[in-house]
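Encoded as structure tokens, the structure appears first; notes follow it.
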Number of protein chains: 4
Amino acid sequence: MTRVRRDLRAAVFEANRALVESGLVRETFGNVSGVDRQAGLFLIKPSGVPYDRMTREMLVPVSLETGEVLDGKLRPSSDTPTHLEMYRAFACGGIAHTHSAYATAFAQARRPLVCMGTTHADYFHGDVPVTRPLTQEEVAGAYERNTGLVIVETFRAPGPNPGDVPGVLVANHGPFTWGADAMAAVEYARVLEYLAQVELARVGLAPDAPRPADYLIDRHYLRKHGSDAYYGQP
Amino acid sequence: MTRVRRDLRAAVFEANRALVESGLVRETFGNVSGVDRQAGLFLIKPSGVPYDRMTREMLVPVSLETGEVLDGKLRPSSDTPTHLEMYRAFACGGIAHTHSAYATAFAQARRPLVCMGTTHADYFHGDVPVTRPLTQEEVAGAYERNTGLVIVETFRAPGPNPGDVPGVLVANHGPFTWGADAMAAVEYARVLEYLAQVELARVGLAPDAPRPADYLIDRHYLRKHGSDAYYGQP
Amino acid sequence: MTRVRRDLRAAVFEANRALVESGLVRETFGNVSGVDRQAGLFLIKPSGVPYDRMTREMLVPVSLETGEVLDGKLRPSSDTPTHLEMYRAFACGGIAHTHSAYATAFAQARRPLVCMGTTHADYFHGDVPVTRPLTQEEVAGAYERNTGLVIVETFRAPGPNPGDVPGVLVANHGPFTWGADAMAAVEYARVLEYLAQVELARVGLAPDAPRPADYLIDRHYLRKHGSDAYYGQP
Amino acid sequence: MTRVRRDLRAAVFEANRALVESGLVRETFGNVSGVDRQAGLFLIKPSGVPYDRMTREMLVPVSLETGEVLDGKLRPSSDTPTHLEMYRAFACGGIAHTHSAYATAFAQARRPLVCMGTTHADYFHGDVPVTRPLTQEEVAGAYERNTGLVIVETFRAPGPNPGDVPGVLVANHGPFTWGADAMAAVEYARVLEYLAQVELARVGLAPDAPRPADYLIDRHYLRKHGSDAYYGQP
């Protein structure tokens with residue numbers, strides 16, 4: 001039997017609960033995972049289990065190497081192969097997926113979430129991109145794995161750096177976000193939804209409003225991130 | 001006195017409560033029913049009774065054959081003849097009717113709820129249609145029954161299959177949804193409202209956005225429905 | 001000292017609480033009143049008192065004949081002269097005034113709330129009108145009284161009948177609604193806000209959508225109102 | 001050690017709590033401060049501390065003269081230099097800053113919040129302006145201080161009077177509001193967000209709606225403010 005770190009189990013469970021409390025998920029949509037790279041596994045929500053019946057023992061450990069379930073009787077989230085490809089390519093500790101209304105509207109509009117202000121810049125250093133649509137072959141084949149691969153492709157040069165822009169809109173599907181751990185991924189999911197709500201209103205008010213200057217965006221991002229950050233407590 | 005199965009009474013009562021908790025109903029609008037085809041009856045909410053004063057004994061049993069009230073002193077929902085015609089034509093176990101804000105806006109706009117993403121495809125295999133308006137004769141006559149008949153007409157070929165698309169927008173009125181039982185019908189009502197909210201935002205962002213490819217929609221629908229489904233637990 | 005019926009005091013107090021619980025008021029905006037025509041007075045919320053500190057003894061009795069405060073130490077709502085003129089002209093038992101967001105947006109757009117569906121017809125038999133703007137003289141003079149007079153003017157022929165359309169949007173101000181008693185007025189205020197939300201969405205989806213046929217609207221209104229009503233319990 | 005008035009500490013703490021309860025802040029965005037001009041200091045929220053872990057002892061006293069922290073171990077909000085410049089120029093007792101969704105959308109659209117009705121006039125005597133964007137030099141230099149200076153510049157003649165219009169939209173950033181004390185500043189923040197919500201809907205309904213007459217706006221503002229006010233209790 002695989003040994004899953006207790007703190008990882010607790011953290012991923014708390015993050016799944018935070019996702020529900022955020023109001024970002026409906027029905028059984030959405031999932032959060034967290035990774036233990038040393039142990040070579042990640043923990044993810046079981047598939048189709050209502051959030052209010054989920055216990056931390058139901059979280060499913062999945063091998064980072066093989067993608068196989070390492071333990072337990074429950075199927076992992078059907079989006080598990082997407083998470084797997086993202087963990088392989090991105091240096092993150094947690095991933096969240098929601099169908100939150102405003103971010104999903106951007107995904108269905110195939111419209112990137114443009115950086116129009118400092119709140120966006122505090123979290124995402126640049127526009128949150130939309131993936132290209134999957135081809136018929138990609139959908140007919142290993143669909144969920146290919147979703148992960150197309151996300152990874154979106155962040156290949158000249159695309160954004162996944163460390164600077166920890167979120168993506170999968171075309172006609174919905175948002176994925178990631179962060180240092182599962183809870184950070186959920187925080188990015190909450191902020192992404194808020195930004196999408198603000199941006200929808202902005203489009204209604206001034207569809208051709210000028211973008212803020214790069215120097216403003218850089219300043220805000222760097223006051224929260226990197227070695228010269230001065231936001232928060234030391 | 002008619003014998004109503006206790007589990008049906010409990011299920012329809014719980015579904016009416018779930019409808020209220022979902023925030024989909026206002027005032028005394030909306031109703032849920034559930035059918036027992038073996039007993040030849042369905043149970044429905046009484047007309048105009050506030051949800052917080054409704055008890056499970058107040059639910060009204062109605063004959064599937066004659067449409068007559070089988071028991072009790074309360075009038076059934078004024079929409080009862082609509083439910084009756086739907087039960088006669090559709091192989092479903094429960095029906096929900098709401099005036100939820102976004103879905104009603106689509107009904108008032110006489111605009112079908114187009115399938116623009118995977119969340120839609122997870123529940124409805126195709127666009128949710130709008131009925132044609134009723135004629136003056138249909139409204140002057142058995143109005144509520146004719147509402148049911150025009151719903152049924154909307155799903156006649158070449159219209160969608162009511163098993164694949166368990167929802168409809170009655171023109172200038174509001175949504176009806178159905179499912180395997182009363183609670184499933186309420187779940188479809190919740191999802192329909194969410195999809196309408198997302199689609200309204202999508203229209204504001206990109207009115208001419210391309211539709212997702214059919215192969216994506218089919219894949220999502222079939223991963224949750226039918227013999228090859230692999231979503232959820234076995 | 002004026003004798004105020006205890007049941008009126010209780011009813012107006014409960015209606016003011018219902019207004020707060022409905023989420024229709026912000027800060028100290030909004031007020032509800034109820035009338036006792038036999039006693040020749042109406043009771044109204046005191047001016048500028050936060051809802052959570054208001055007791056039923058704080059409600060202010062006002063003379064229907066003179067418009068003067070009949071009892072108590074508190075000033076009545078600054079909108080009292082508006083209520084007074086409405087009670088004099090309309091055969092209603094209660095009046096509610098809110099600054100609810102969507103209805104206020106219609107008032108600021110000077111756009112009537114057009115009847116686009118059966119939910120509207122269940123409550124308002126026709127479009128909810130917007131008043132003409134007040135003239136400079138009307139604003140400089142007895143402003144609140146003139147607001148009442150311009151409401152009354154809006155319902156003079158060929159305007160709608162205030163019994164059939166118990167609500168109005170005061171241009172660049174907000175909605176007033178009325179009904180058989182104070183609580184009914186609040187119910188109309190809630191429904192008006194809901195209808196405005198739906199109609200805003202409808203405008204975004206199909207700005208030129210056709211109106212529903214009159215025969216549908218009449219049918220819905222008459223199934224809830226008048227001698228042939230068959231909605232609710234006998 | 002600096003002596004901070006206990007009532008100021010309590011008032012600023014309560015105002016920060018009211019900000020959270022209003023739903024105007026997300027994550028750790030937003031802050032409220034209150035000033036003691038006699039003591040030459042203002043109290044402000046610490047930087048990056050989650051609201052639910054903040055105690056009143058964590059509030060940071062800052063010198064009005066030097067802008068330096070007078071006491072305690074925590075860093076003040078990174079927006080502290082903005083508050084400082086505002087206190088120096090405006091005769092107010094409290095300042096609130098949020099990233100509330102609708103007001104932020106106006107800031108990102110660089111669109112002033114136009115006065116379209118009496119609710120606006122009850123609180124803001126004229127349009128709520130948008131600042132000019134900061135120059136590259138202003139952002140590269142003392143960014144937060146320059147944000148305060150550009151706010152102050154916006155209210156220099158022929159701009160509005162900061163006593164009549166106690167709010168501003170910082171371009172591509174968000175709203176600041178102020179008032180007689182910290183709690184009043186929060187009230188203005190709540191009202192500003194509500195007005196932005198209404199105005200967004202109004203733009204969707206009638207983009208070219210006429211503005212209300214000045215005499216209506218003046219009347220409403222003056223019935224709540226100034227020596228002839230007659231709203232509320234004497």
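Residue numbers start from 1 in every chain, and the chains themselves are labelled A, B, ... in the order their sequence lines are given, proteins ahead of strands.
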With a 4.5 angstrom heavy-atom cut-off, could you sort out which part of [X] is near chain A: side chain, backbone, both or neither?
{"X": "D:Val170", "result": "neither"}
{"X": "D:Leu134", "result": "backbone"}
{"X": "D:Ala140", "result": "backbone"}

Anything under 3.5 Å between chain D and chain A that's a donor-acceptor pair? List each one with its distance, please.
unit_1	atom_1	unit_2	atom_2	d
D:Glu27	OE1	A:Arg190	NH2	2.8
D:Glu27	OE2	A:Arg190	NE	2.8
D:Thr28	O	A:Tyr231	OH	3.4
D:Thr28	OG1	A:Tyr231	OH	2.7
D:Ser47	O	A:Gln233	NE2	2.9
D:Ser47	OG	A:Gly232	N	2.7
D:Arg75	N	A:Gln233	OE1	2.8
D:Arg75	O	A:Gln233	NE2	3.1
D:Arg75	NH1	A:Tyr230	O	2.9
D:Arg75	NH1	A:Gly232	O	3.1
D:Ser78	OG	A:Arg223	NH2	3.4
D:His99	O	A:Tyr194	OH	2.2
D:His99	ND1	A:Thr119	OG1	2.9
D:Arg111	NH1	A:Leu205	O	2.7
D:Leu134	O	A:Tyr215	OH	2.8
D:Gln136	N	A:Tyr215	OH	3.3
D:Val139	O	A:Arg219	NH1	2.8
D:Ala140	O	A:Arg219	NH1	3.4
D:Gly141	O	A:Arg219	NH1	3.1
D:Tyr143	OH	A:His220	NE2	2.6
D:Glu144	OE1	A:Tyr230	OH	3.4
D:Glu144	OE2	A:Arg223	NH1	2.6
D:Glu144	OE2	A:Tyr230	OH	2.5
D:Asn172	O	A:Thr118	N	2.9
D:Asn172	ND2	A:Met116	O	2.8

Quiz item: Looking only at heavy atoms, which two atoms of A:Ala201 and D:Ala105 are closest? And how far apart?
Solution: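 Shortest heavy-atom separation between A:Ala201 and D:Ala105 comes out as CB-CB, 3.5 Å.
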Quiz item: Which of the residues D:Pro76, D:Ala101, D:Pro133 is involved in the greatest number of heavy-atom pairs with chain A at under 4.5 angstrom?
Solution: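 Sorted descending by pairs with chain A, the first entry is D:Ala101.
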Quiz prompt | Option in D:Gly48, D:Gly204, D:Ala171 with maximal non-hydrogen atom pairs under 4.5 Å from chain A | solution =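 Maximum pair count with chain A is reached by D:Gly48.
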Quiz item: What part of A:Pro207 lies closer than 4.5 angstrom to a heavy atom of chain D: side chain, backbone, both or neither?
Solution: neither
